[in-house]
2 protein chains.
Amino acid sequence: MFSNKLFKKYCSAEWLPIFDLNKSNIQVKAKERIFNEGDLVKGIYFIEEGKVKVLSGFNGKDEKIIRIASNDMILGHRGIHYKHYHISSEALTDTTLTFLPINIFLKIIKANPNMAVYLLDFFIEELREAEDRMDSLLNFDPKKRIAIILLKLVDCFGFANKKSNLLSFTLSRADIANMIGTTYETVIRTLANFEKLNYIELVGKEIAIKDITKLKELAADKKVRKKTKAKL
Amino acid sequence: MFSNKLFKKYCSAEWLPIFDLNKSNIQVKAKERIFNEGDLVKGIYFIEEGKVKVLSGFNGKDEKIIRIASNDMILGHRGIHYKHYHISSEALTDTTLTFLPINIFLKIIKANPNMAVYLLDFFIEELREAEDRMDSLLNFDPKKRIAIILLKLVDCFGFANKKSNLLSFTLSRADIANMIGTTYETVIRTLANFEKLNYIELVGKEIAIKDITKLKELAADKKVRKKTKAKL
DNA sequence: TTCTAAACATGATAATTATCACATACTTTC
DNA sequence: GAAAGTATGTGATAATTATCATGTTTAGAA
C-alpha cells in the first residue's frame, strides 16, 4: 500500500507544502483510460477512491490484465525509470485520483530518505505479488486459477456489505479471462460449474461466494505429478 | 543490473570501508542451494560469476523457476522487507558470490540517498521483467513460450564463443518446463519440432540456435481471436 | 421506447497438451 | 567399472481447453 496519506507521513515538514502545491485532483469515469501504453510519463497517480485495471497489449483485442488496483494504491510508478509507459490503465469504476508531476515526486524522494526506503518496501511487496501471480500461472490450470481470482476479488474488493456474501465488485467474464490467460467461454463454464458445486452463486452478472473454504482448497491444490522417477 | 561495482559507485567514500569490512566471499558448486524458502534472511548476495535459478515451491517436486540470474545481479534483495525468504535459490553452475549482512546493507542505503534511488530503478526494472514474463504466460501457448525462453537464454547467457551459435549454457528440459508451466515431455517434443524446422540444432543436451529470426517471429506472434464480435 | 452493441451463455467439434508407459543415454557414486 | 539414479526421448491415449456457431440477456444510445 502506498497512499497519499502515507506519502505525506514520510514527507518532511518542509516538503509537505510543495506536495500540496503541486498535486492535482483527477476524476475519471468507469471505462475511461488514465494513461495509455506509449504515453509520455507525466507523473504519478494516487488512487483516492475507485478501482482500476492495469493492462498490457495495444490494439484493444489482445489486452491482458497485469494487475488490479484500488483505494490507497499508486499507478504509473514505473514512470520513475521510464520516459514512456509500457502499460495502460483504465478505470473499472468511477475513480478519484491525486496526481503529482514526476519531477516533484523524484525531488521529494531524493530529499526524504525515509520515503525512499518506504518506497523500496512498497516495490518489494509489488514484486512479491507479481511473483505470486506468476507462480499461480505456472502451477495451476484455468479452473484453479479462477478459484484464485475469486479469492483475490474477495481480498481486494470485499463484499457488498457485512451481511452479504456478494462481491462488492465483479470483473466481467472477459476481464477475468484476461487476468488468467484463458477464454471467456472457459470462465463462464467454470463459474457455472462452481455454482453447480455450490461454491458460488451467480446473481445476474454478479458473484456471491457461498463456500470460501472449498475455493481455498481448490486454490491450494497444486498438481504434483504422480511419477516420481524423474525428479521433475 | 545491480553489481558489487555499481553498489560501490553509489556508496559514499566514508561508507566504502564499511562495505569492504563486512562483505564476505562465498563459493557454491552447481546444484547447491544458496538459500531456501523459509530460511531466515541474513543478507544480500551479489553474483560475481555464475548462473543461478530462483525458484518457488517447497517439496522438490513442484518447483517452478521464477527467474534466472547471472553475473552482476543480486539475490535475496527482497529480504530488505521480509524476515524469511519465501523463495529459494540454487546455483546452476559453480558460482562466486559476495555476501553482505542485511543490517549493513540497510544502513548503507539509508545513509546514501543516491543508492536508494538507484535501487528503486533496479526494482522497477525487475518489476517490468516480471510483468513481461507474466504477459508471455498470459498470451502464448507452450510452443511459443519455448521460443521465448530460447531467446531469453541467448540474451542472458549468450553463445559459447563468437563463432559459435551454441548456447553457452543450456537449461535442462525439466528446468525449461518449470519456467514456462509445461511438462518436460512437451519441451522435448517442441525442441525436436524446432530442430525439424531448422530453427535450432540439438547437440546432445546442448542447443544451437540456427534461425533466430524465425524464433523471434514465433515469439512475437500473439494469438488474436478471429472473432471480433465481442471485443474481448 | 426501440434499436444496437456488448456481455453472457451453451453446445459441438477440433486441437493441444498432459499423462502414462517404456526405452535409452548419460553421470555420479561406490 | 558396475550399479543406481537422473536426464532425455518417443509413442499411445485421455483429458482439457480453444474455437466456432449461435442464441439470449442486459445495458446504453438514439
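- If you measure from atom CG of A/Leu138 to atom C1' of C/dT17, you get 16 Å, rounded to the nearest angstrom.
- Nearest to the side chain of B/Glu185, among D/dT8, C/dT17, C/dC20, sits C/dC20.
- C/dT19 atom C1' lies 14 Å from atom CD1 of B/Ile188, rounded to whole Å.
- The side chain of A/Pro142 lies closest to D/dT17 when the candidates are D/dT17, D/dT8, C/dC8.
- Between B/Lys23 and B/Glu48 no salt bridge is recorded (no basic side-chain N to carboxylate O distance below 4.0 Å).
- Fit an axis to the five pairs at each end of the helix from C/dT1-D/dA30 to C/dC30-D/dG1 and the two axes sit 50° apart, to the nearest 10 degrees.
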Could you give me the CA-CA distance, side-chain angles and deciding distance for B/Glu49 and B/Thr96, then say whether side chain to side chain donor-acceptor pair (under 3.5 Å) is met?
-> CA-CA 5 Å; B/Glu49 178 66 43; B/Thr96 306; over 6 Å; no

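- The nucleotide whose nearest atom lies closest to any side-chain atom of B/Thr183 is, among C/dA9, D/dT10, C/dA18, C/dA18.
- Taking atom NZ of residue B/Lys143 and atom P of nucleotide C/dA18, one finds them 13 Å apart after rounding to whole Å.
- Applying the salt bridge (Lys or Arg N to Asp or Glu O under 4.0 Å) test to B/Asp221 and every residue at least two apart in sequence or in another chain returns B/Lys144.
- Per the geometry, OH belonging to B/Tyr184 stands 12 Å off P belonging to C/dA21, to the nearest Å.
- Listed pair A/Thr182 / D/dA18 meets the phosphate criterion, a side-chain N or O lying under 4.0 Å from OP1 or OP2.
- Regarding contacts with the backbone of C/dA18, a side-chain N or O of B/Thr186 is found under 4.0 angstrom from either OP1 or OP2.
- In this structure, B/Asp94 has no salt bridge (Lys or Arg N to Asp or Glu O under 4.0 Å) partners at least two apart in sequence or on a different chain.
- For A/Lys31, taking side-chain heavy atoms from C-beta onward, the closest of the listed nucleotides C/dA9, D/dT10, C/dA7 is C/dA7.
- In this structure, B/Phe194 and B/Tyr199 have tilted ring planes: the angle between them lies in the 30° to 60° band.
- Proximity of residues 204-212 of chain B to DNA chain C (heavy atom under 4.0 angstrom from any strand atom) is not detected for any residue.
- Atom CG of B/Asn139 is separated from atom C1' of D/dT17 by 17 Å (rounded to the nearest Å).
- Atom CD1 of A/Ile200 is separated from atom CG of A/Leu191 by 4.5 Å, given to the nearest 0.5 angstrom.
- Judged by atom type and distance alone, A/Arg145 does not reach the base of D/dT16 through any side-chain donor-acceptor pair under 3.5 Å.
- At whole-Å resolution of the value, CZ in A/Arg173 and C1' in D/dA27 are 15 Å apart.
- The CG atom of A/Asn193 sits 16 Å away from the C1' atom of C/dG11 (whole-angstrom rounding).
- Under 4.0 angstrom from either OP1 or OP2 of D/dT10 there lies no side-chain N or O belonging to B/Arg189.
- Using bins of under 30°, 30° to 60° and over 60° for the plane-to-plane angle, the ring pair A/Tyr85/A/Phe35 lands in the parallel bin.
- Considering only residues two or more places apart in sequence or on other chains, A/Arg78 meets the salt bridge (Lys or Arg N to Asp or Glu O under 4.0 Å) condition with B/Glu131.
- Residues passing the salt bridge (Lys or Arg N to Asp or Glu O under 4.0 Å) test with A/Lys152, sequence neighbours excluded: none.
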